[in-house]
Amino acid sequence: MWYKRTLPLLVVFVAGLVGFCQEYVAHPAASRLLEIVTTWFRIIGGFALFIGLWSLLHMHAGRIRRRPPGWGYSLFVFIGAALMIGTGLYNSGSGPLAAAPGEGSWFQWMYTYIQVPCGSTIFSILAFFMASAAYRTFRARTLEAVLLLLAAAIVMFGRVPISELVSPYFSKVSDFLMAYPNLAAKRGILLGISLGAIAQSLRILFGIERSYMGAGD
Amino acid sequence: MRPPADTLACVFRLLAAGALCVWAGAARAGGLAAPDASGFIAYDRPSDDGSAIAVLWPLSVSDGPGVYYILEIASLEDYREGVFRPATPKPIPSLGSRASDDPQYCSGLRRPETLHYVAVFPADIYPPSRRPIPPPNEQDPEDLARYTREAGREEVRLKEERRCINAQTYYFRLAITDGAHTVYVGEPGAPTVVSAAAKPNLFKGYRTNNLVFSLLFCAVVLGFIRLARRRPHLFIRRIPALDAVEEAIGRATEMGRPVFFVHGMDGLGSLSTIAALTILNRVVRRAAEYDVRVRVTNVDALVTAVSQEVAKQAYTEAGRPDAYNPDDISLVASDQFSYVAATSGLMVREQPGSIFLVGYFYAESLLLAETGAATGAIQIAGTDSYSQVPFLVTACDYTLIGEELYAASAYLSREPLMLGSLRGQDVGKVFLMAVFVLGTILGTFGIDWVSTLFRAF
Amino acid sequence: MAAAEKGTPPTAAEVRRLHAVRRMIFLLLAVAVVAAVIVPFKLPGKPSSLARTVFEDLESLPQGSSVLLSFDFDPTAKGELEPMGIALLRHCFARNLHPVVMTFWQSGVALHKTMVERTAAEYGKVSGRDFVFLGFKPGDVNLILNMGESITGAFDKDYYGRPTQGMPALAGLNSLRTLSYAVCLAAGMTTEVWIAYGGDRFGFPLAAGCTAVIAPDLFPYLQSGQLRGLLGGLRGAADYELLVGTPGEATRGMRPQSVAHLFILGLIALANAEVFAAFLKKRRRF
Amino acid sequence: MKATPTPGADRAGSRAPLERIVGLVLVVAFVAVSVFVSLPRGTPATDALVKEAGGTAPSDHQQAPSPAERLRRQCGVILAAGLTLIIYSFLYRDNALFKIVENLYVGIGLGYGAIMTWYLSLKPEVVDPFLQAADRGDLLDAVRLRSVPILLGCMLVTRISKRFSWPSRYAYALMIGWGAGIGIPITVHTFVLKQLEAAIRPIGLQGLAEAWSSAGMFSTAFWSALAAPAGVLLILVGTVSVLYYFFFSVERGPLGRAVSKIGVIFLMISFGASFGYTVMGRISLLIDRVQFLLTVWLGVAR
């Protein structure tokens, strides 16, 4: 049916064209349009966030239904979610229609003493794996790897204050590496990525790329 | 650039006008020469939202340190009563305020460096009157809500008021002064008065280069996509990584050990996953010829399903439909950490001969590559997540960086979408390279029209 | 202990030794960092010029002007960006500037709330009068564009539900066009979104703080003037703490950072010593 | 996140009781240390408590926390330290406790996301304008400005259902279409033209020429004057060679191979810089956790 397939693609093209043209229009009507459209998308953004949370919950519910090995752990996802939603809506007594939970609420307590430590610790584990990989995996097999490891060593040593004790030149060379060769290469990569991003936007506008439309007819 | 003959004529005319002023002014007020009245004009500033009026006047011979200009403005009513007020908070220094200082709005003028230029904002000089709103008391939410509504409505009213103020006609008078003497531009008794009204303009003139570049680049990319649809054998140079793929599968055959293909974390929406599927097709087809088992691990249900289809098709293309085993291509986990744990476990248990890490990776690329290196297998990585490329370059034998991954999949699949986009982007890169080199060389020799052409405001 | 040569699969004994070596390295790293945290030793502090530019910019702002601080990070980047955020807040409060704090990362809002409230309490500052905590709103790019037209339109209420209209801390700041300075602390690519849709579009000066992973990618914007200055990783935070004169977590972190770097550089050197030795052996045969 | 699993299933059987005992001892030790540390021993503990989770030491402006509040924070710090150590237990081996904490963390994050979406987006944008509309005019304003986005939002939510998900395409079409459309001019402006403008720098030969003529070839003035033009040239060569490295439409001749070799050198130096900075970043995260364990939990180091 045309209203399931072709009309959305037409909407994409028209919305894209309006977004493209308003960038070149100086008339205050363009900034008024921009304010209205961005307010709309801010409100829709809230619903989009819910879809993200729903799909994650849905996936874990599926695991509990199908019971693959280790499904028991998915129960803790629901326990954690229930705890937070419960304390959040309770909101230290003032209910869901008042302002966001404050400093004294159990919601804030669980965030500060469970989510913050877990989140920062899980990522800090990578430092250990970085160390073990430094010993076993980062081998200068090819010329490229030699250059990479040399530059990495100079930058790593130049960035910590202890290098001042050895000689001030380490941080100077490290700054030079960052401000000239690194800058040139990153600018080259950035330009390549930007041209790719424009081509991608173009494919979306002309309906060539439609994977975001989702499955189904 | 105007032909040289024309500029000479213009300079000569300016000099003559300057000389005339000097002769006229010198006689009257202690050496202060007012600029030529005919050059003193006011007009709506182009390419803006109608909030500014531009005022231009030629240089005066007595421009110099200590010499200032005083620009005066009057609305319609003030002009009728002959009342003028200063248009700028401080007098305008005669050495500065050139039209060339503001290329965003003055690039259209001829020889902007020889003209004084000031942008006047009428709404700042005749500000709208702000209706006082009784401040809220913090505790009462009703009062707070009322205050917010009234303040919001007042803000909208003021914005509308400012727009009306800007739209009126204003009259300007100019005087040159060195602190002691003040000489008005125009006839000694009756200073010249010019008038203008600001209008919102449609097109941002200073964005022309942006518009031209965007339209040209879009035309090139779309053109090449259509071309690639008609002629799939558009030239793309052979990617060295493809030889490494052949060698890796050959190695796995010698050792009689399986080949591992590890997908990235992103779903079907990301370009690198689509490219990974193309490379998976080639890997499975080559492995089927050498009768090597291919084990595919991924983290997304959709990608798993599509990978199974790709593998089945590849096995039939290689004439070995019986070798296809759907269990080899499986969804081993659903999130980052369990994916790494499951895949590493499989690697150590099944000891692959060669490992492919293709797709968009996050922090887990380091762990996968490390375990792969520990099993002694040849590792080939392909990713467009530039934050993971450094680790993959040191840990793997060969790494496809960013667009090389897209080029490799375009080379294999000849898919018009990828082929056309790559070719279009290559044209863009050639253009950028040419502008860099040309701009720098010309800039070194003082010719800067290339950099002004690409100035972005 | 070279990794298994290419081609021969590691035996069970070798895999066990791999685990032992790996756990030994984990333990050594932990001991190195713990020791460096406990044993205080002096380290020369020399702030980088990029950090100094941000400091001088904020010093040059007139008192009472609003500074937008966008804390685009969450607990996973707390280690690097929280000390940086606190140092910036302290500098704003010390100079009576009005920090306007907001974020694009929903998962970090409650962490930023704690940071802002604690630092404000330290200087006796009052929400609404001296600073505004706007919190989070979805919309990402659209939020910046909306704020570009009108900040009180985009955030009509602050995090605590109080109307932002007429707040003294937001006086004279009706949209991003009239913003005097902005610093975006980012743990992901949000800096580039702020540059493209914020700084370049509405013309306010923008500086950036970021996790060390992102810092190298931002140098092209420093040279092109799209970014005023950069605070890169924990070192950037330590530099700023030094400049503001309130040594805190980041300055204390520089000691273990130096020791850990030496440890990892030693490991890389050790690992490549074998490769280098093999290379020399090959060279000597020709 | 099991980097490498336990070697061989048979071995695990004989080691399990030993691991269980060691595990139990560790847990008991943890509880003992936590209780001992948090016994009231004068102000240092409370300073540390207030400083936990990166807070600041109390100054005269802050009033000291009430005893109940202090107890809540003490329990919180002990819980946080416990969770941190459980997650680090993964470094020894992936274990049940780690999986529980990991999934609990995912659940807490999910619940937090839902609550924050409600309090910071849906309530103020969708519910409050209608609930707190004082008079008819206000209500009409709210309907005029917000009815369309709320309708589009509800259409977006239909993406969840299998059969009836086509309305969500209109919401996605609007957002993604507008984003793609506005993205092109902004990308061209910020990431192409602005970078182009910054890259086209004239190579300042005048300074070099003067230094050459005045101070001769080998003077320090000449070398310092050489720095600026050399920098511009280096950036130009680097950017062009990297762009050529990612160029696929032409077969590479000998000159092409040379230019792409230069490109690789620049690329590898920039990847080395990223490598060094990434290692630095990961270590900073570890240092933050160790500082938390030592200063806030154990109150050892200052």
Side-chain angles (χ1 to χ4, degrees), chain C residues 12 15-16 18-19 22-23 26 29-30 33-34 37-38 77-80 82-83 86 106-107 109-110 114-115 118-119 121-124 135-138 141 156-157 159 195-197 200-201 211-213 215-217 220 223-226 232-235 248-249 252-253 256-257 260-261 264, chain D residues 3-4 6-8 11 50 53-62 88 91-92 109 112-113 116-117 120-121 124-125 128 175 178-179 182-183 186-187 189-191 194-195 197-199 235 270 273-274 277-291 293-295 300-302:
Chain C
V15 167
R16 240 190 341 282
L18 280 180
H19 289 314
R22 165 192 287 274
R23 285 175 187 143
F26 291 162
L29 178 64
V33 170
V34 166
V37 168
I38 294 174
K78 173 172 100 67
E80 296 175 272
E82 188 187 39
I86 289 176
Q106 181 180 43
S107 45
V109 181
T114 312
M115 286 165 61
R118 289 234 167 94
T119 317
E122 198 187 305
Y123 286 79
F136 162 80
K137 269 229 162 38
V141 162
D156 50 359
K157 291 194 176 66
Y159 177 85
I195 292 172
Y197 292 86
D200 271 6
R201 193 174 158 68
T211 53
V213 180
D217 302 340
Q223 195 235 1
S224 69
Q226 292 166 296
L234 196 65
R235 173 61 193 273
E249 301 278 329
R252 277 195 297 281
Q257 186 89 36
H261 277 215
I264 290 205
Chain D
T4 44
T6 50
R11 287 300 316 290
V50 171
T56 53
S59 68
D60 44 11
H61 292 282
Q62 278 167 316
Y88 279 143
L91 291 172
Y92 171 66
Y112 167 87
M116 279 304 171
T117 305
L120 297 180
S121 168
E125 302 286 353
D128 280 353
M175 286 175 76
W178 166 272
I182 199 171
I186 286 184
T187 305
H189 175 79
T190 296
F191 300 120
K194 280 277 190 190
Q195 294 296 318
E197 204 184 309
I235 291 181
S270 99
S274 297
Y277 266 85
T278 305
V279 169
M280 174 173 146
R282 302 295 185 224
I283 288 172
S284 306
L285 300 179
L286 171 63
I287 288 164
D288 168 62
R289 295 322 296 159
V290 169
Q291 277 176 337
L293 289 176
L294 292 178
T295 50
V300 167
R302 265 305 154 276

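Here is the naming used below: chain letters follow the sequence lines, and residue numbers restart at 1 for every chain.
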Contacts of C:D156 that satisfy side chain to side chain contact (heavy atoms under 4.5 Å, CB included) - sequence neighbours left out: C:K137, D:R146
Selection from C:P83, C:P220, C:G135 maximising heavy-atom pairs under 4.5 Å formed with chain D: C:P220
Pick from C:A215, C:G233, C:P256 with the largest number of heavy-atom pairs that fall under 4.5 Å of chain D: C:P256
Set of residues satisfying side chain to side chain contact (heavy atoms under 4.5 Å, CB included) with respect to C:T211, sequence neighbours excluded: C:A77, C:E80, C:L81, C:A187, C:V213, C:I214
Contact winner vs chain C - D:V290, D:I283, D:T278, heavy-atom pairs under 4.5 Å: D:I283
Close side-chain approach of D:Y88 and D:L286, heavy atoms under 4.5 Å: yes
Winner by heavy-atom pair count (cut-off under 4.5 Å) against chain C, out of D:A198, D:G281, D:S284: D:S284
Check: C:S224 main-chain N/O paired with D:E197 side-chain donor or acceptor under 3.5 Å: no
Contact leader toward chain D among C:V141, C:V33, C:D200, where contacts are heavy-atom pairs under 4.5 Å: C:D200
Atom group of C:Q226 that falls short of 4.5 Å from chain D, counting heavy atoms: side chain
Minimum side-chain heavy-atom gap C:E122-C:R118 below 4.5 Å: no
Pairs of heavy atoms under 4.5 Å with chain C: top-ranked of D:D288, D:D128, D:T190: D:T190
Residue pair C:D217 / D:S274: nearest heavy atoms and the distance that separates them: OD1-OG, 4.4 Å
